Amino acid sequence: MSKADIGLIGLAVMGENLVLNMESHGFTVAVYNRTVEKVDNFVNGRGKGKNIIGTHSLEELVANLKKPRKVMLMVKAGKPVDDFIELLIPLLEPGDVIIDGGNSHFPDTIRRTKYVEEKGLLYIGTGVSGGEEGALRGPSIMPGGSPKAWELVKPIFQAIAAKVSDGTPCCDWVGENGAGHFVKMVHNGIEYGDMQLICETYQIMKDLLGLSYEEMHNIFKEWNEGELESYLIEITRDILAYKDDDGQPLVEKILDAAGQKGTGKWTVIASLDSGIPLTLIGEAVYARSLSALKAERVYASTILHGPTPKFDGDKKQFIEDLRKALYASKIVSYAQGFMLMRQAAKDYGWNLNYGGIALMWRGGCIIRSAFLGKIKEAFDNNPELPNLLLDPFFKEKILSSQESWRRVVSTAITNGIWIPALSTALNFFDGYRNGRLPANLLQAQRDYFGAHTYERVDRPRGEFFHTNWTGRGGTTSSTTYNV
Ligand code: 2AM
């Protein structure tokens, strides 16, 4: 067999499926795994008869690659990535590329890009989204790292990526060093938000409207045929129709304690670091945390009582209200996600292409949706768009959903139904569109107790004042600073 176009290390399911995907697109792939038996199992099993070269050492792997060599790691995030980088560096030559396709935290990718480049090699840290199925049939791929490496991996990555209906691949260059893994992290955070929003509408349908599973299944089916069309609405439709062995809906029997692997948390931490109000994803992460306190909630439910949900309005109308509330909240969530990326681009010096990011998420990944096509259009129309809420299409959508959205939030709250994401979205909207927030009083309080100073509306920005509020404190102000 001739030499391989790319080498891949790490034959767990994601790694194997990516190899099979590459091979099916005409690329020869050399593979290696720490536990080398897995190499033979794969080459003689799922990889049998294909253009896949099994290798039993890193030396053998490297010797089987066309130059400039490309070696992709699909190993557990963290130390294993650093370990393999250390082992590969002495075996590679200037211009070769190391690619990390795992779920690495972006600060690690920033550090590794610098380190690998210092050794004369190129580095790519790439988000790969879409799970096992996506890896095999076409994932969304979000690469960042050494810009010079992009041209080398582009033909392979764009060939194996998901395609939107006109054939455009869901893979484009994201930006320097950790930008690819950052964007993948935000994708996961947005996924948390979308899922929580759907769960809240489900709870309202079930507990307030008293709908049956069949009715809910039909509503999600209908929603998936309109502007909410997305993978997550589609799987929710199917989940609601799924029956356990006894004919009852399986979802009713699933314990309500959510797990999380940490990428949502990373996104929220990044938002706190950047000072961006990523409130919806924040609530979605905390919602999982609250759900996980199952025993405590069950105990509290016997002591803390609220209203008994009761709905006597027009159900059909309210279901349409719910649909609009979900759509409007989703707009806020994505607006916040893009605000975070815009700030991170400034903080880390990335030149992000926001329309390109929407396109990468349009297919292949968990948050794929028709909606992302609209976001792509918004950034195509105005690449400098400061906020998604200010785009004419989304502005019209949110304004025309507003009444429904307020009805849903106020009705749910009056009836004691937990809606952290739907309500924070509306609250953000009301804060963002308000030119005068009560932070004037907040600044007064800060100046009162800590002499932190304030700016005045009747003076230019940047001039700071201190008042001796009690007549007791001195006129000394503390220095102004912002974290
Ligand atoms: P293994 O098959 O030898 O366990 C997903 O777990 C992939 O990451 C697998 O290919 C696994 O290799 C690899 N992996 C996990 N921990 C590793 C480590 N500490 N060093 C090298 N590879 C590791």
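Worth saying up front: this structure is predicted, and the values here are computed from it rather than measured. For the single chain, residues carry numbers from 1 onward in sequence order. Both counts, for ligands and for their atoms, begin at 1 and track the order of listing.
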Answer yes or no: is there an ion pair linking Arg34 with Asp83, defined by an N-O contact shorter than 4.0 Å? no

Around atom 22 (N) of ligand 1, find the nearest protein heavy atom and jot down its residue, atom name and distance. Phe84 CE1, 3.5 Å

For this output row, return yes or no: ring centroids of Phe371 and Phe394 closer than 6.0 angstrom. yes

Between Lys38 and ligand 1, which part of the residue brings a heavy atom under 4.0 Å of the ligand: side chain, backbone, both or neither? side chain

Among Arg323, Lys324, Lys330, Lys374, which residue meets the salt bridge (charged side-chain N to carboxylate O under 4.0 Å, His left out) test with Glu227? Arg323

If every non-hydrogen atom of Ala258 is compared with every non-hydrogen atom of Ala292, which pair is closest and at what distance? O-CB, 4.1 Å

Between ligand 1 and Leu11, can you find any atom pair, the residue atom being a heavy atom, that is separated by under 4.0 Å? yes

Taking the six-membered ring for Trp and the full ring for Phe, Tyr or His, determine whether the centres of Phe338 and Phe379 are under 6.0 Å apart. yes

Note: ligand 1 atoms sitting under 4.0 Å from heavy atoms of Gly10 are 10 (O)

The closest protein heavy-atom partner of atom 3 (O) of ligand 1 is Thr35 OG1, 2.4 Å

Among protein heavy atoms, which sits nearest to atom 5 (C) of ligand 1, and what does the distance come to when rounded to 0.1 Å? Ala12 CB, 3.7 Å

If you take the centroid of each ring, where Trp contributes its six-membered ring, are Trp405 and Tyr327 closer together than 6.0 Å? no

Side chain, backbone, both or neither: which applies to Asn33 and ligand 1 if a contact is any heavy-atom pair less than 4.0 Å apart? side chain

Of all the non-hydrogen atoms in the protein, which one sits nearest to atom 15 (C) of ligand 1, and at what distance? Lys76 CB, 3.8 Å

Heavy-atom nearest neighbour in the protein, as seen from atom 19 (N) of ligand 1, with distance rounded to 0.1 Å: Arg34 NH1, 3.3 Å

With a heavy-atom distance limit of 4.0 Å, tell me whether Ile9 approaches ligand 1 through its side chain, its backbone, both, or neither. neither

Determine whether the aromatic ring centres of residues Phe106 and Tyr348 are separated by less than 6.0 angstrom. yes

